[in-house]
Amino acid sequence: MEDNIHDLKTSTKKVPSLAGGGGIGDSIQVFAPATVANVVCGFDVLGFAVNEPGDEVIMRVTNKPGITISKITGDDGRLPLDPTKNTVSVSVMHYLQSIGRADLGLDIELNKKMPIGSGLGSSSASTVAGLFAAKTLLGDNVSPIKLLPFAMKGEEMACGYGHADNVAPALFGGFVLIRSYEPLDVIRLPHPEGLYCAIVFPEVDVPTREARQIIRNKILMKDAVIQWGNIAGLVSGLFMGDIDLIGRSMQDVLVEPVRSMLIPDFYKMREMAMELGAVSFGISGSGPSVFAFTRDEETARQVTQKLQQHLTHIKIGSNTYVSTINDAGPRVIG
Ligand code: HSE
């Protein structure tokens with residue numbers, strides 16, 4: 001399978017200049033999706049993309065070499081316009097260098113359409129949108145797998161570690177397993193049709209960098225046995241299309257017990273979601289967003305509504321999303 005790669009060398013071929021053809025024009029607008037990383041039991045190794053929310057990048061060719069960021073919207077001034085400090089421009093610059101096109105002039109406009117620090121892969125969505133915009137503008141048919149290391153550079157910058165469980169599903173779409181980081185070995189997994197994802201983002205700040213620092217770095221063998229049984233069960237359930245198996249495998253004895261403390265009424269929200277008929281419930285990425293799988297859209301909407309009402313009751317604002325798994329990944333929208 002083409003997506004399952006063992007040797008991830010980046011492309012070294014020279015991409016033709018824009019003037020020489022191959023590209024599609026001098027400006028492009030790209031959307032890249034939010035992602036749910038970890039998928040409860042698969043810390044740093046499992047993730048999937050959703051249809052919404054996501055981020056948009058407008059990229060324009062300029063006649064001055066180098067990358068600029070002219071505008072960022074939707075970030076409340078939290079993201080740097082300095083291209084040496086922004087994950088989007090840094091990833092794009094690494095990509096351009098790898099194809100011998102660091103001479104190119106590009107301007108980036110980033111429109112954040114999703115909350116920052118939400119556990120929904122906000123930096124990944126921006127970075128992937130930027131990389132996809134650049135490679136499409138250049139007419140470079142580089143495969144998504146070859147772009148992955150550049151996107152991981154962005155994650156390293158954003159939270160101190162280049163984990164791939166947000167950027168890989170944002171780039172490829174669908175459900176993704178990172179079997180190994182060294183060497184990078186990424187596998188796209190199937191998933192049953194009709195699986196819905198209910199997402200609730202409680203408006204509390206949980207920076208990924210900090211949420212990673214509080215995790216224990218030693219684990220007990222008895223916990224490891226439970227965890228790898230669950231990961232294997234979840235992956236089997238995805239292949240078999242067995243939603244019950246998916247649900248009972250989505251339990252995390254390693255990370256969730258620690259990170260759940262950062263999320264208001266986490267266990268109460270789980271109880272509510274499961275009572276409404278959710279298949280599973282857990283933290284999305286490093287939180288504070290939580291998500292539930294359901295068998296239908298109606299149940300997903302009931303879950304988001306009920307959890308939002310509860311959060312409002314305890315005076316916490318929230319955003320909610322209902323989505324199927326997004327198999328498409330990034331797309332050109334203008
Ligand atoms: N696997 C990462 C973590 C995802 O849990 O820290 C961050 O969204």
Side-chain angles (χ1 to χ4, degrees), residues 32-50 53-55 78-79 87-88 91 112 114-129 148-149 151-172 175-182 184-187 189 197 199-202 204-217 219 223 227-228 230-231 234-235 250-263 266 280-291 319 321 323 325-326:
T35 42
V36 171
N38 301 337
V39 201
V40 181
C41 53
F43 178 72
D44 276 359
V45 302
L46 285 172
F48 64 87
V50 291
D55 282 344
R78 288 171 68 183
L79 299 177
T87 59
V88 184
S91 306
K112 294 291 305 171
M114 59 184 288
I116 297 170
S118 56
L120 293 170
S122 171
S123 58
S124 307
S126 304
T127 302
V128 166
L148 185 58
M152 289 167 68
K153 284 257 177 235
E155 291 298 79
E156 195 178 331
M157 213 178 136
C159 71
Y161 181 72
H163 62 92
D165 50 340
N166 290 112
V167 279
L171 255 176
F172 309 141
F175 219 116
V176 175
L177 166 70
I178 297 100
R179 193 215 45 93
S180 151
Y181 277 81
E182 287 178 24
L184 202 49
D185 187 356
V186 180
I187 298 144
L189 301 172
C197 180
I199 296 173
V200 178
F201 164 52
V204 293
D205 215 19
V206 178
T208 297
R209 190 182 288 271
E210 283 156 40
R212 292 185 75 86
Q213 281 163 357
I214 62 168
I215 297 170
R216 288 168 292 173
N217 54 21
I219 61 170
D223 289 338
Q227 200 81 7
W228 59 54
N230 280 330
I231 296 172
L234 172 53
V235 173
M250 285 171 65
Q251 291 181 36
D252 173 17
V253 294
L254 301 182
V255 179
E256 184 183 281
V258 182
R259 283 185 173 168
S260 57
M261 291 188 285
L262 304 174
I263 301 171
F266 175 79
S280 57
F281 179 87
I283 303 172
S284 172
S286 57
S289 288
V290 292
F291 78 104
N319 291 348
Y321 311 93
S323 174
I325 292 171
N326 169 356

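Whatever order the structure lists ligands and atoms in, that order sets their numbers, starting from 1.
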Over all heavy atoms of both residues, which pair between [X] and [Y] is shortest? Give the atoms and the distance, please.
X: T35; Y: A170; result: CG2-N, 3.5 Å
X: A164; Y: Y181; result: N-OH, 2.9 Å
X: G117; Y: F201; result: O-CE1, 4.4 Å

key: Flag, side chain of S284 to backbone of L120, donor-acceptor distance under 3.5 Å   = no
query = Tell me, which pairs form a salt bridge (Lys or Arg N to Asp or Glu O under 4.0 Å) where one or both residues lie in residues 33-49, sequence neighbours left out?
reply =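 Checked against salt bridge (Lys or Arg N to Asp or Glu O under 4.0 Å) - neighbours excluded - the pairs reaching residues 33-49 are D44-R212.
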ask   = At a 4.0 angstrom heavy-atom cut-off, what protein residues surround ligand 1?
value =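 The 4.0 Å shell around ligand 1 contains A37, N38, F43, D44, H163, D165, N166, T208, R212, R259, G285, S286.
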ask   = With no hydrogens and no angle check, do the side chains of T208 and S286 hold a donor and an acceptor under 3.5 Å apart?
value =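 Yes, a side-chain donor-acceptor pair sits under 3.5 Å.
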